[in-house]
Amino acid sequence: MKTKQYLVRLYPHTWRERYEEELLAMLEQHPISFLDGLDLFFGALDAHLHPELGTTGMSLYERMMRMISTLRHSPLTIFCAYAGFILVGLAFQKMTEYDDFVEAARTHNIVGLSFNLVVIGSVAALLAILAGGLPIAIAVIRSALAQKRRGPLLLLTVPILAFAVFLGTTFLLEALQHPGNHFSPAWQVFLSRGVFFGTLIIAAIASAGALCFAVARSEISERLLRFALLPSILATISMALMLAATIIWGLGLRDGAPQLFAGNDGIVGSSTTGTWLGIVITMAIATALAAVSLMRGFSARSALRNAAA
Amino acid sequence: MDTLNLGRFSDPPILILASLAGSPKHGYAIMEDIEAFAGVHLGPGTLYGAIARLETQGLIESLPTEERRRPYRLTATGIAFLQEQLTGLETFASMALQRLARI
């Protein structure tokens, strides 16, 4: 019975409020096979992609509020997924700027072409995020000024402050390193890299979190939220393109320059294969998150349109 | 029992609507009924995914819960929708039978 309960818990909260009891009662009467378990798993995924399912018992107002909330969360989740994606994208860019990788991109067409695709994808994704995000940021500022609230305005300054802290930390770490001293003790190198990456990750999380919090606390029109879904499509497609290109890049490198792929030219001297795999896995998670959020956003948009009709 | 190939009429929502055309039923009874009349096994996830959709679209509605089980019945819109679908099937079947008769 526990397995059945765990599977049912995979469904979203709203859905469970409506159907959990009767579904569990049905499962108690009926032994479930492996295929039925798989069917429940995909059913839960489907329920997450369609947030309007399970809202039948709610009033029209409650249902519309729920859909507007989903519509608001959709571009925010895509933005957070994009932030995570870009963070590992920076690691990819850092790794590939070494001479050996530049040489491999020049001599092996597949490596060079896939790298160019990553660059094209990153530009397209950035433009899409700006196209969807700037009108929302302006709406946040307008809403804060109209309501005379300083909170959202202060939250919008967090990314600038976080970037300044990150730059300051980087300069400080460089200053602490004696010029010409390439033989720092291992613990010092470890500490310096830990501080660098820790600051970068904290700055990224604080920036994305503050922006999301500011948007969540501001009055954004439904029209603007619906519009934000359109550039979100381009951002998600660009992320998928970059993911595919990064996978092809790695496979091309493995075939074209196996010694480089098997070496230790990854981030901070780690395994190249390991770094590439880590980047691909993180990119895949971020892309999947963006795709799911995009589909939820469109489902909510369609449910709102039907409710208004 | 031989399994019928119902084509697009084997879609879970149509099967559920056809099952509820007989009488109001709860989830397990719908599943058993569909297995009996169409030879199609609907997994619990598929069944409740379709029930949730039909309810959202206003084609079925729930009745008061009986011992944790909630029966469903067709709404007027659901009856009209099913009627339209089945009339379409009837027209298609009679046209195909007429053509077959000419062979």
Side-chain angles (χ1 to χ4, degrees), chain A residues 1 3-12 14-58 60 63-64 66-67 299-300 302-307 309, chain B residues 3 10-17 19-20 23-81:
Chain A
M1 191 59 207
T3 315
K4 294 174 183 174
Q5 281 173 340
Y6 286 136
L7 283 167
V8 174
R9 274 187 207 149
L10 292 176
Y11 280 83
T14 313
W15 196 97
R16 277 192 285 132
E17 272 182 359
R18 177 77 184 161
Y19 300 108
E20 184 175 30
E21 266 311 294
E22 55 182 299
L23 178 56
L24 282 174
M26 188 186 93
L27 294 175
E28 280 167 20
Q29 279 186 284
H30 165 76
I32 64 162
S33 62
F34 173 74
L35 285 179
D36 285 339
L38 213 58
D39 187 62
L40 273 172
F41 175 80
F42 285 114
L45 184 67
D46 175 57
H48 279 284
L49 292 177
H50 299 92
E52 75 279 12
L53 298 179
T55 57
T56 321
M58 296 177 181
L60 182 64
R63 219 182 305 164
M64 287 187 81
R66 184 76 56 127
M67 291 305 113
S299 292
S302 149
L304 277 169
R305 197 186 292 152
N306 291 340
Chain B
T3 303
S10 66
D11 283 347
I14 293 290
L15 291 173
I16 293 169
L17 290 175
S19 170
L20 293 179
S23 59
K25 290 177 193 73
H26 53 75
Y28 186 64
I30 295 173
M31 192 165 76
E32 294 245 287
D33 187 41
I34 290 172
E35 213 154 341
F37 78 74
V40 175
H41 171 74
L42 291 186
T46 306
L47 176 72
Y48 269 89
I51 286 178
R53 273 185 176 78
L54 290 170
E55 214 185 0
T56 307
Q57 289 162 4
L59 299 180
I60 62 170
E61 64 188 358
S62 63
L63 294 169
T65 308
E66 300 163 354
E67 295 170 5
R68 295 171 67 210
R69 296 182 304 185
R70 188 184 282 147
Y72 293 91
R73 72 172 172 203
L74 293 177
T75 61
T77 321
I79 292 169
F81 177 79

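Just so it is clear: chains get the letters A, B, ... in the order the sequence lines come, proteins before strands, and each one is counted from 1. It should be emphasised that the depicted structure is a prediction, and the values quoted were computed from it without experimental measurement.
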Any side-chain heavy-atom pair of B:Arg70 and A:Arg18 under 4.5 Å: yes
Turns out that what part of A:Phe41 lies under 4.5 Å from chain B's heavy atoms comes down to neither
Answer key: most heavy-atom pairs under 4.5 Å with chain B among A:Gln29, A:Glu52, A:His30, A:Glu21 is A:Gln29
Taking every non-hydrogen pair under 4.5 Å, which of B:His26, B:Glu32, B:Met31, B:Glu67 racks up the most with chain A? B:Met31
Close side-chain approach of A:Ile32 to A:Thr3, heavy-atom, < 4.5 Å: no
Find the one option among B:Ala29, B:Gly43, B:Gly27, B:Pro44 whose heavy-atom pairs under 4.5 Å with chain A are most numerous. B:Pro44
Could you check if a side-chain atom of B:Tyr48 sits within less than 4.5 angstrom of a side-chain atom of A:Leu40, using non-hydrogen atoms only? no
Using atom types as modelled and distance alone, determine if a side-chain donor or acceptor of A:Thr14 lies under 3.5 Å from a backbone N or O of A:Thr55. no
